[in-house]
Colleague: 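Structure below; questions to follow.
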Amino acid sequence: DVKVTQSSRYLVKRTGEKVFLECVQDMDHENMFWYRQDPGLGLRLIYFSYDVKMKEKGDIPEGYSVSREKKERFSLILESASTNQTSMYLCASSLFQDSYEQYFGPGTRLTVT
Amino acid sequence: AQSVAQPEDQVNVAEGNPLTVKCTYSVSGNPYLFWYVQYPNRGLQFLLKYITGDNLVKGSYGFEAEFNKSQTSFHLKKPSALVSDSALYFCAVRARFSGFQKLVFGTGTRLLVSP
């Protein structure tokens, strides 16, 4: 079974702090994704990566950056956290660009105070 | 732009009754459609997909979905609901942008199955 793990289930940070969310997958997948999930808005794509050191902006990249130094690990960085970034963050991976199925981690609920 | 719409925020059904969770889509070309489920405090899990072929697609946990091209719909169904089916359900469509593929998700429908 594919396993996607995220470093924290719950995180509380202060406004202005730099925040790192880590995601690791164990199935040698090429593609990795970061989404945020908000009630009434569904899932929105922040960034994705199709290879090591490669990244593409999604629908809502503002205020975020990403890093993929190793194939199995994809990090989401909030350079200066703001209260409007309080959300559930979901990481996902898929085998290939044309893969039909994405595998999701359990999510990190981030609260910025 | 490719999109999906889930018109119901919540669906309530009694255990043992059939359930339907609605999804309509807007795409150019042939749609690739998906259903995912999110149980409480869990990530999303893939349920089923429609790529081509039979309009009735069978998936995990006894769920199925019916693709209807004329109505641009892809409704999720189950003949007999279980309390354990209570969860948040997302419809999604595959979209192409900037040379890449991505999934575009609906806003989600909460299914509540009462005993």
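Lettering follows sequence order; numbering is per chain, from 1.
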Colleague: Before we go on, tell me: are the rings of A:F104 and B:F46 under 6.0 Å apart, centre to centre?
Modeller: no
Colleague: If Ile, Leu, Val, Met, Phe, Trp and Tyr residues are connected whenever their side-chain heavy atoms lie under 4.5 Å apart, and connections chain through other members, are B:L33 and B:Y36 in the same group?
Modeller: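 Result: no, two separate clusters.
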Colleague: In this structure, are over 12 heavy atoms from other groups packed under 6.0 Å from A:N84 atom CG?
Modeller: yes
Colleague: Which atoms of A:Y10 come close to chain B, meaning under 4.5 Å heavy atom to heavy atom: side chain ones, backbone ones, both, or neither?
Modeller: side chain
Colleague: Less than 4.5 Å to any heavy atom of chain A: does that hold for the side chain of B:Q45, its backbone, both, or neither?
Modeller: neither
Colleague: Do A:I60 and A:F74 land in one hydrophobic cluster if side-chain heavy atoms of ILVMFWY residues count as linked below 4.5 Å?
Modeller: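 The answer is yes; both residues are in one hydrophobic cluster.
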Colleague: Short question: side chain of A:Y103, backbone of B:L44 - any donor-acceptor pair under 3.5 Å?
Modeller: no
Colleague: Less than 4.5 Å apart, any side-chain heavy atom of A:F33 and any of B:K102?
Modeller: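 Result no, sub-4.5 Å side-chain heavy-atom pair not found.
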Colleague: Side chain from CB out, backbone as N, CA, C, O: work out which of these in A:L41 comes under 4.5 Å of a heavy atom of chain B, or both, or neither.
Modeller: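 Contact with chain B: backbone only.
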Colleague: Treating Ile, Leu, Val, Met, Phe, Trp and Tyr as nodes and any side-chain heavy-atom pair under 4.5 angstrom as an edge, say whether A:Y47 and A:Y50 lie in one connected cluster.
Modeller: no
Colleague: Between B:D9, B:L103, B:V104, B:L88, who has the most heavy-atom pairs with chain A when the cutoff is under 4.5 Å?
Modeller: B:L103
Colleague: Are more than 12 heavy atoms, taken from residues, nucleotides or ligands other than A:K71, located less than 6.0 Å from that residue's NZ atom?
Modeller: yes
Colleague: Could you give the distance from CZ (B:R42) to CG (A:L90), rounded to the nearest 0.5 Å?
Modeller: 13.0 Å
Colleague: Considering only heavy atoms and a distance below 4.5 Å, find which of A:Q6, A:R44, A:Q37 pairs most often with chain B.
Modeller: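 The answer is A:Q37.
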Colleague: Go through A:E101, A:R9, A:R109, A:M88 and name the one with the most non-hydrogen pairs under 4.5 angstrom from chain B.
Modeller: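 Of the options given, most contacts go to A:E101.
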Colleague: In terms of heavy-atom proximity below 4.5 Å to chain B, should A:D38 be classed as side chain, backbone, both, or neither?
Modeller: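 For A:D38, no heavy atom lies under 4.5 Å from chain B.
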Colleague: Indicate, with yes or no, if B:W35 and B:Y32 share a hydrophobic cluster defined by side-chain heavy-atom contacts under 4.5 Å among Ile, Leu, Val, Met, Phe, Trp and Tyr.
Modeller: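 As far as the 4.5 Å side-chain criterion goes, B:W35 and B:Y32 are not connected within one cluster.
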Colleague: Taking A:Y89 as the starting point, is it possible to reach A:V112 by hopping between hydrophobic residues whose side chains are less than 4.5 Å apart?
Modeller: yes
